[in-house]
Amino acid sequence: MFVLVNLKAYPCDPVEVATAAADVSDDSGVRVAVAPQAAQIGAVAETGVETWAQHVSAVEHGSHTGSTLAEAAADAGAVGTLLNHSENRLKLADIDGALDAADRADLETIVCANNPAQIGAAAALDPDGVAVEPPELIGTGTPVSKADPDIVTGAVDAAARVNGDVDVLCGAGISTGEDLVSASDLGASGVLLASGVAKADDPRAALEDLVEPLL
Ligand SMILES: O=C(CO)COP(=O)(O)O
């Protein structure tokens with residue numbers, strides 16, 4: 001299972017979370033990555049943790065003030081990027097353009113979507129992975145794998161119908177090892193989570209708890 005921790009714009013210490021994530025990944029053998037704010041990619045990557053951007057723009061080098069250039073994210077240490085997160089929705093053409101940008105910069109890609117139908121559309125754009133996250137469960141602590149398991153199995157089926165190569169993650173409300181196991185049982189190959197780690201009093205303990213059933 002792949003555990004991708006999105007720090008969003010939460011007021012956590014990204015280096016502390018990243019250091020804990022790197023240690024937990026090393027100790028457990030579970031793939032754990034952290035997606036900090038763009039300005040913190042360099043500092044997070046220095047911890048040795050697998051580092052992802054939260055977004056890259058559908059632009060090349062040029063006159064694009066305020067954009068997140070894929071090459072700059074990669075130069076700072078990112079090895080992958082989320083796209084089309086529920087909190088940063090893109091037009092279809094912009095997802096496609098951002099995938100091209102990420103490919104140019106050698107970034108792995110995960111396109112987020114709300115539901116299985118959108119997952120099918122996202123998978124057709126040929127990212128490395130897709131992540132289904134029902135927006136109404138994001139940040140609630142109620143795991144999608146329990147509250148809406150059909151969304152996860154539906155996403156896995158929808159992706160497989162369109163593109164057999166794409167990994168399917170699920171997210172929203174995931175915070176415990178039990179949630180991780182449920183996600184895996186439903187066919188997901190990873191989880192995307194945020195508040196369960198970024199808002200935890202002890203992010204290291206939260207990460208240890210997450211991977212514990214996989215040990
Ligand atoms: O949006 C999410 C991850 O990208 C999910 O957020 P929570 O884990 O806080 O529900």
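The model shown is predicted, which means the values in this text are computed figures rather than measured ones. When a ligand or atom number is given, it counts from 1 through the structure's own listing order.
Under 4.0 Å from any atom of ligand 1, one finds heavy atoms of residues Asn6, Lys8, His85, Glu133, Ile138, Gly139, Ala172, Gly173, Leu192, Leu193, Ala194, Ser195.
Screening Asp27, Asp209, Asp23 for a salt bridge (Lys or Arg N to Asp or Glu O under 4.0 Å) involving Arg204 leaves a single residue, Asp23.
Partners of Glu133 by salt bridge (charged side-chain N to carboxylate O under 4.0 Å, His left out), not counting sequence neighbours: none found.
Of all non-hydrogen atoms in Thr51 and Gly77, the two that sit nearest each other are CB-O, 3.9 Å.
Here the side chain of Ser28 pairs a donor or acceptor atom with the backbone of Val30 at under 3.5 angstrom.
Annotation: salt bridge (Lys or Arg N to Asp or Glu O under 4.0 Å) contacts involving residues 164-187, sequence neighbours excluded, comprise Lys146-Glu178.
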Which pairs would a plain distance check flag for residues 134-143, meaning a side-chain donor or acceptor within less than 3.5 Å of a matching protein atom at least two apart in sequence or in another chain?
from, atom 1, to, atom 2, distance (Å)
Thr140, OG1, Leu137, O, 2.7
Thr140, OG1, Thr142, N, 3.0

